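Only one structure is covered here, and it is reproduced in the block below.
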There are 2 protein chains.
Amino acid sequence: MKIGARETERRMERITSAVKAAGVKLTIQRLEIFRELAASADHPSAEAVFEALHARMPTVSLDTVYRTLWLLTDLGLVHTLGPRHESVRFDPKLERHHHFVCLRCGLVRDFESAELDALRVPASAARFGRVEATHVEVRGVCSGCARKQGRKSGGRNDKEPKGGKGSNEHE
Amino acid sequence: MKIGARETERRMERITSAVKAAGVKLTIQRLEIFRELAASADHPSAEAVFEALHARMPTVSLDTVYRTLWLLTDLGLVHTLGPRHESVRFDPKLERHHHFVCLRCGLVRDFESAELDALRVPASAARFGRVEATHVEVRGVCSGCARKQGRKSGGRNDKEPKGGKGSNEHE
DNA sequence: CTCCTACCTGCGAATCATTCGCAAGTAGGT
DNA sequence: ACCTACTTGCGAATGATTCGCAGGTAGGAG
């Protein structure tokens, strides 16, 4: 599904200006990928963007689509649903609970809150179907990352090249 | 990190009774996997459970660990962080928003809510670090799935063997 | 407008997490 | 003790991403 032309334009402008500001080259493939994504009303996978594009530009590679999407993610212009490509984590806590997620290292910690368990669901959400529960994700920077903040950070998940011991504690 | 022995026991009982009730065989490897998971205070990956187990049971296979973890997931005794193993979805919506997630087909729809944007974060969550935002995931069954409900459902994500057209609309 | 060079792209090969296909093993009811 | 359907352990598939490089090409300098 696609969104209106006006909104698409708005997104395109926001994206291209941010990308230029970041000092990255504006190639045709990138612009087309931006456009495809900007016009999307849902949450396409890289493959979906690639296929939609393939009609217009038979030469783009899936790889370039991935690289461009991650570029936008790094610039904060798009987000991903759920954690990025990693192994699945299992949560054994039986009680109803919510999560604190560190935007820097990916750490996930549980916490309980009767208040959040009983959230009032707005009509804008209820209209999609039958609601069974609400789950809150509190996003921020964990104390661990806050302490050792000295790097300029920025990159997606800031993954260190090799062997670093402290990254990605999805715990 | 591990949780207390008392809580671990409580989880073990809950798991074994539910598993027996489901008519599944209780093998040694399953019991050990249950124990490992039940004692965990965080969100281990299958690989992590496998490695922790490997010391005690050098013969368990990673495959069995996966099968057992998914078995528990299907029984609702553990949950996964984020969607299960699939391709990453990109969300191009720039405005602050939340998600309605269909537990049946995985469909994800956006919605806005000023009220949910400004959620009060409980101290139990704030103590983990600096809070930057809250994101609410409303879980339920989308109208599409509610309509075509006639199958017994049950299995994780209810993925139809082959070619079904309507599954997994992560849109 | 042309030239240069750092940044990009396309591809095929490489990774990684996860799952399959099967032969051999074993809970647990009888 | 005995059956048998449900389980395991492997090694070989899969699928999604990413890498390594040999060309290409934006776009600032001249």
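Computed from a predicted structure; not experimentally measured. Residue numbering restarts at 1 for every chain, and letters A, B, ... go by the order of the sequence lines.
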Distance in angstrom units between A:Glu86 CD and D:dG15 P, rounded: 22 Å

Nearest-neighbour nucleotide for the B:Ser61 side chain, D:dT17, D:dG9, D:dG20 considered: D:dG9

Euclidean distance, atom CE of residue A:Met57 to atom C1' of C:dT9 [Å, nearest integer]: 10 Å

Ring centres under 6.0 angstrom apart (A:His79, B:His135): no

Heavy atoms of other groups near A:Arg35 CZ, more than 12 under 6.0 Å: no

Nearest listed nucleotide, side chain of B:Val60, among D:dT17, D:dG9, C:dC11: D:dG9

Sugar-phosphate only, base, or nothing, as touched by A:Thr59 at under 4.0 Å among non-hydrogen atoms: sugar-phosphate

Single-linkage hydrophobic cluster B:Val121~A:Val108, side-chain heavy atoms < 4.5 angstrom: no

Between P of D:dT8 and NE2 of B:His54, the distance in whole Å: 16 Å

Whole angstrom value for the distance that separates P of D:dT18 from CD of A:Glu47: 13 Å

Separation of atom CG in A:Leu31 from atom P in C:dC8, rounded to whole Å: 13 Å

Whichever of B:Gly23 and B:Pro58 has its nearest DNA chain D nucleotide further upstream toward 5': B:Gly23

A:Trp70, nearest nucleotide to its side chain (from D:dT17, D:dT8, C:dT9): D:dT17

Residue A:Arg6 excluded, over 12 heavy atoms near CZ under 6.0 Å: no

Length of the CG-C1' vector between A:Leu72 and C:dC8, whole Å: 15 Å

Nearest-nucleotide pick for A:Arg67, side chain only, options being C:dC8, D:dG9, D:dG20: D:dG20

Any A:Tyr66 side-chain N or O less than 4.0 Å from OP1/OP2 of D:dT17: yes

Distance test, side-chain N/O of B:Arg30 to OP1/OP2 of D:dT8, below 4.0 Å: yes

Would you tabulate the nitrogen or oxygen pairs shorter than 3.5 Å linking the protein to nucleotides 26-29 of chain D?
{"unit_1": "D:dA26", "atom_1": "N3", "unit_2": "A:Lys25", "atom_2": "NZ", "d": "3.2"}
{"unit_1": "D:dG27", "atom_1": "OP1", "unit_2": "A:Leu26", "atom_2": "N", "d": "2.9"}

B:Glu137/B:Arg139 salt bridge by N-O under 4.0 Å criterion: yes

5′-ward residue of the pair A:Leu62/B:Ala46 relative to DNA chain C: A:Leu62

Intermediate values then yes/no, side-chain contact (heavy atoms from CB on, under 4.5 Å), A:Leu107 and B:Phe128: CA-CA 10 Å; A:Leu107 172 90; B:Phe128 292 127; over 6 Å; no

Closest to the A:Asp63 side chain, choosing from D:dT17, D:dG9, C:dG12: C:dG12

Residue-phosphate contact under 4.0 Å: B:Gln29 side-chain N/O, D:dG9 OP1/OP2: yes

DNA chain D: 5'-proximal contact among B:Thr68 and B:Val88 (nearest heavy atom): B:Thr68

Main-chain N/O of B:Arg89 paired with A:Ser45 side-chain donor or acceptor, under 3.5 Å: no

NZ/A:Lys2: more than 12 non-hydrogen atoms of other groups inside 6.0 Å: yes

Atom-pair distance (CG on A:Leu69; P on C:dT9), nearest Å: 12 Å

